Amino acid sequence: MLNKSYYNTILCLTFSPCGNYLIVGDIYGKITVFHLYRFMNPNVNASSQNLSCSNSFTVQEDVQINSLLSTEHYLVVGVVGEIFGYDWKVVKNNKDAKVSWKVELPNSNDLFNKAEINCVINKEGVLYVGCGDNKIYVINLEGGRILRTLSGHSDYVHSLFNMGDELASGGEDGVVNIWDIRSKTVCNKIEPYKNDEIARPNLGKWIGTVCINDDWLLCGGGPKLSLWHFRSLTPSTVFPLDDQGIYFGEIVNDKVLAGGRADHFYNMVFNGDIVSKIPTSCVSVFSAVHQEEPYRALCIAGSSPKIDICSNFNYKDQVLVVT
Amino acid sequence: MVKETTTTASRETAIRKRRKNTGNTEADAEGDLYKKVIAFEEKEAFKRTAEGDAKLYFEICKNIRTLLGEISELKAQKPSDVTTKVSEKAMQAAACVVTLKKLNRLDKVRITTAREALNVEKQKVDSTNLQYQNLLYEAAHLSSEFKKCKQFKSKDEDIELVSINEFLTEAPEAKTKPFQNYEELDDVQKHELHLARLEWELTQRKKLAQLCNTFEDEKKQIAADILKTKNRLGGLVPKLAAVLEATKPLQDYLGLPIEKTYVEHKQASLLPNPLYLFYSNADAFKKVYDIDMTLNILGDQDEAIRWKRLQSSLVVQSDDSDQENDLQEEPVETKKRRHRKASQIDKHEERRKRLLEVHPSSVQVIIKVNDGTVLSMQFYYLVMLNIVTVTAEVEHPNHITGNAAKEVLCGENVLEELFHGDFGVDSPNPSNSYQLKKIGLNSFQSLTTTLGFVYSWAQKVCGLDFLMSQDIKSATTMSCTNVEIVMKALNKRLKSRTALAVQLQQLEQNLIPEIPDTVELPRNAVSGLSKWTSISWQKFCNAPCTANLIANEMVSSSDLFYCATISRPKSALLQAFIVIKNDYPRQCPIFCINVSYNGEFHSGNCDEIRDMERSLIKPQVAVMGDKNLKLSKWYFGGLASAGAACVTHPLDLLKVQLQTQQEGKISLIKLTGNIIKKQGVTALYNGLSASLCRQLTYSTTRFGIYEVAKQTVQSSGGEASFGTKVAMAAAAGAAGGFVGTPADMVNVRMQNDIKLPPEKRRNYKHAFDGLWRVYKEEGPRRLFSGASTATGRAIFMTIGQLSFYDQVKHLLLKTKYFHDNSITHFLSSLTAGAVATTLTQPLDVLKTRAMNAKPGEFKSMFDLILYTAKLGPLGFFKGYVPAFVRLAPQTILTFVFLEQLRLNFGVLPKPKH
């Protein structure tokens with residue numbers, strides 16, 4: 001229905017492991033696959049036909065797709081209470097794609113307690129799943145067994161990031177937990193909303209995104225997007241963005257990418273200077289992915305059926321539409 | 001010298017003439033002589049030859065020369081005797097000259113004679129020549145005459161003769177014999193053949209002429225007959241009229257609409273073809289479906305008759321006249337260019353008038369819906385443009401007073417986009433645009449106010465399809481199917497528009513519609529609807545939040561726009577721009593929300609509002625709480641019946657007991673007491689399994705079939721008519737009755753067992769044991785004994801229960817006092833139960849007796865009927881009270897259960913896209 005797709009919202013994006021495909025998950029439970037070659041190749045004229053999707057299928061009718069993850073063999077789809085694995089071959093070609101495997105979270109029998117799978121990351125064959133039931137599930141990809149449950153949050157888990165042996169998680173409760181994967185315990189935690197400089201009480205204390213590298217920790221959400229020194233856990237930079245909440249932030253080499261409810265998607269350096277601002281098609285950016293090979297591309301999507309594509313991280317090249 | 005001689009000769013003759021004149025006396029003699037000499041010399045001349053004379057002449061000439069030579073010699077020598085000799089010689093010479101003269105004369109004579117002869121000959125030649133010329137001319141004339149003759153055509157060649165072959169085969173043999181192989185005939189024979197053919201032709205023609213005459217006579221005779229008959233029939237007319245007039249009171253009394261239908265049909269025949277098609281199909285539709293619709297034919301009848309006559313005469317001429325017109329017009333244009341200007345406007349106007357001519361008859365369709373909204377449409381036929389136009393008017397019921405509500409129900413708005421994209425402003429007939437251009441109009445749009453709208457569905461119901469070839473047959477079927485679709489769509493549209501109008505009316509009056517309890521919402525509202533208005537497309541476009549919708553072409557100017565303002569005092573203001581598509585409710589309205597609270601927020605800058613709007617477009621939301629739309633699944637009927645059977649089983653048992661007792665003495669209460677006393681309370685539940693088994697086969701089948709059939713009929717729109725329902729119920733009942741027979745039989749036997757003396761009891765353990773034993777002991781055919789009565793009973797039962805239930809419920813819901821709740825269900829099912837009992841009781845008695853009979857007790861059905869009839873007519877209603885007492889709760893419970901199942905577990909009809 002026309003009206004329906006007009007109100008579509010894209011919650012997550014991912015590239016296929018080969019880098020040729022962009023996979024899009026929306027709130028109506030539909031996965032749309034775009035072939036990047038068609039519109040990233042400068043030799044090919046970008047006609048409207050080239051901008052159409054190459055495949056699409058529905059996971060569960062009207063059940064939103066909260067997270068997507070590419071592993072070597074499978075596309076991992078996190079919906080509500082369930083995680084599905086699709087074979088890549090199937091994802092690329094079949095209109096009525098068959099699920100290869102499925103993991104159900106505990107308590108998912110109860111309709112009202114089904115937890116959204118907000119974030120899925122993969123670490124050496126083990127999935128870390130951040131869920132709406134305040135827990136982080138550790139699932140073995142082989143066999144789909146739940147190895148462990150990490151409970152350290154008192155509200156929804158929004159974001160996870162893994163770096164070496166450390167796992168950072170951010171949630172609705174405003175806490176960023178840093179876990180030691182080996183001991184499965186919280187080794188550190190920060191609460192940005194308690195910092196007066198960062199807090200934005202009108203927006204809430206929730207943490208929408210976390211990202212770490214060797215020296216730095218990036219987090220934001222209701223509180224402003226801020227860069228913390230990883231070892232001392234003190235804020236070093238508060239980014240001066242004009243936003244109403246951060247849903248996405250990532251450290252890429254020496255740059256910081258960030259988006260949220262704002263008119264632009266930002267590309268910044270560590271000291272807070274803005275390198276570039278990309279105007280977005282959507283009101284809020286929920287997800288962004290980037291890659292260098294085989295095509296240099298940055299895809300930004302959010303509360304709109306449109307996906308903005310930038311090839312040089314500086315301005316919008318193309319807009320794809322999920323129908 | 002000859003000359004000399006001639007001159008001398010002429011001188012001589014002259015002298016002679018003088019002599020003649022002088023001496024008349026001697027003249028005779030002398031004359032004679034002269035004549036004689038001439039005659040003589042003439043004779044001489046002929047005697048001598050010219051050649052001889054010539055020789056002589058040359059000799060003489062020689063002599064002269066020699067003589068003259070000798071003279072000159074002599075003169076030179078001058079001898080003595082010169083003179084003599086000279087004179088001698090001279091003499092001789094003179095003689096010679098005389099001879100010469102003579103010769104000359106002779107020659108002359110000869111020449112003249114020769115000349116004369118020549119002349120004669122010449123004359124002869126001339127005459128011959130003349131004769132020759134004459135002959136030549138004659139010959140040429142003759143040949144030309146000959147040619148003329150040859151070219152002359154005889155009359156017979158113009159006569160069309162029968163071909164030779166035909167002649168040879170048809171003419172009598174005597175005449176054709178010589179010409180059998182006519183290809184080898186010579187000219188004469190050919191001529192003869194021709195003559196023979198001519199003759200044959202003549203005889204044939206004579207014969208034909210005779211025949212013609214006889215026919216002519218016959219014709220006259222018949223014409224006279226016709227006239228006579230006409231006169232006689234003409235005499236009958238007033239009598240017939242009188243008879244008709246006389247029967248009128250009787251007709252009125254009997255309520256026969258003969259006159260009316262007659263007039264109607266007569267009027268219908270005057271309609272133009274497309275409208276007639278529509279009229280007849282709509283009429284048929286009206287008769288079949290249960291839609292409150294009236295069809296009228298409007299327009300002056302006489303005018304229509306005149307038109308029809310004109311039309312039939314025009315058809316023949318139209319082609320020629322068109323061409324003539326074209327031809328005439330051009331010279332007129334060149335000649336009268338000056339006059340033209342004045343007349344141009346008139347002519348233009350006339351042309352325009354002619355092109356936009358409307359057929360005098362038109363069809364009026366009036367559709368009424370429950371709450372008093374009346375839609376009347378008039379269909380006109382534009383003859384020249386070959387299209388049908390529609391004007392519409394809606395009469396609102398009195399309670400609709402709001403402007404927006406009225407607007408929704410205004411005639412054009414109701415019909416707008418009845419089918420997608422059909423606005424009725426562009427003529428669907430492709431040739432019209434050219435025709436209209438000719439008279440200087442660009443599109444039909446400007447004419448819609450005067451002539452009405454040209455919806456394509458209107459063309460379709462009238463059998464006009466401009467892409468297909470105008471095959472009459474296909475047009476008929478097309479119109480037929482389309483009338484159904486269009487009428488249903490119209491009815492639906494009207495109903496939905498009325499409902500919409502009521503809603504709008506309430507909103508305008510600031511009455512918030514009742515929110516069903518199932519929807520969760522805070523009970524004390526802080527904010528309220530402060531304003532509800534309809535707005536224009538322009539205003540809608542100007543609103544800050546609508547830009548995206550317009551950019552995405554989700555709304556168009558033809559939609560309906562409203563603005564609701566909801567405010568929380570002193571702080572927040574919510575403006576909702578509502579777009580209602582023409583095919584509402586098939587498409588949900590689009591809401592565009594703009595909130596003023598610490599700034600302006602709308603879906604373009606606020607995700608929460610976007611989510612709100614999204615949740616509003618979900619079709620489930622629109623129909624949420626409207627349980628009435630839910631449809632039951634096919635097996636609900638069976639389940640409900642089984643549930644009811646559990647309750648009513650004891651009554652059933654009692655009924656069987658009463659029916660099978662021939663004496664009919666024991667009362668109901670006594671019987672109950674007997675059973676309980678003898679076998680305990682559980683005995684009343686004897687054979688419950690059979691009863692359930694029966695319901696699960698019999699009721700599931702009939703309810704399932706009926707439900708599926710009803711949903712199929714209703715999914716195509718509208719309520720099925722009562723007749724359709726009865727037919728569906730009968731079919732479902734027949735199937736159910738047959739399928740349920742074995743279980744029913746076991747049921748009856750088990751119920752009846754307690755009544756039998758213990759040694760005769762069958763003692764089936766349960767229903768399946770019973771089925772198996774009947775199958776084993778009495779054969780599979782026995783399982784279906786009484787199938788015919790059971791089927792018959794089931795038919796009546798199903799009709800009585802299902803179709804009457806639906807109909808009664810439908811009627812009750814139409815009134816203002818009943819809603820779709822348990823009271824309505826109870827009342828409808830009670831009525832249905834009573835009807836069903838009355839219908840089935842006689843059959844029920846027979847059935848029970850047949851099934852309970854020992855093998856061979858009754859030879860046939862008829863025996864059984866006779867046996868029962870011995871008890872009087874009321875024998876067939878034996879046990880009516882317990883049957884009703886049993887059937888009524890059974891029916892009531894079944895339907896109450898069914899409705900509850902439907903409301904709680906039913907499925908919503910799939911929204912149509």
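Chain naming here is simple, since letters A, B, ... match the order of the sequence lines and numbering starts at 1 in each. Predicted model only: the values in this text are computed from it and were never measured. When reading the values below, keep in mind they use all heavy atoms of this one structure, side chains included, and skip hydrogens, waters and symmetry mates.
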May I ask you to name which of A:C282, A:G302, A:S284 has the most heavy-atom pairs under 4.5 Å with chain B? A:S284
Check B:R902 with B:E707, please: is the shortest side-chain N to carboxylate O separation under 4.0 Å? no
Taking the six-membered ring of B:Y597 as reference, does the cationic atom of B:R568 (NZ for Lys, CZ for Arg) lie under 6.0 Å from its centre and within 45° of its axis? yes
I'd like to know if A:D243 pairs up with A:R200 as an ion pair, taking the criterion as any Lys NZ or Arg NE/NH1/NH2 lying under 4.0 Å from an Asp or Glu carboxylate oxygen. yes
What part of A:N8 is in contact with chain B, defined as an atom under 4.5 angstrom from a non-hydrogen atom: side chain, backbone, both or neither? backbone
Classify the ring geometry between A:W206 and A:Y247 as parallel (under 30°), tilted (30 to 60°) or perpendicular (over 60°). parallel
Check whether B:D607 gets within reach of chain A through its side chain, its backbone, both or neither, counting any heavy atom under 4.5 Å. both
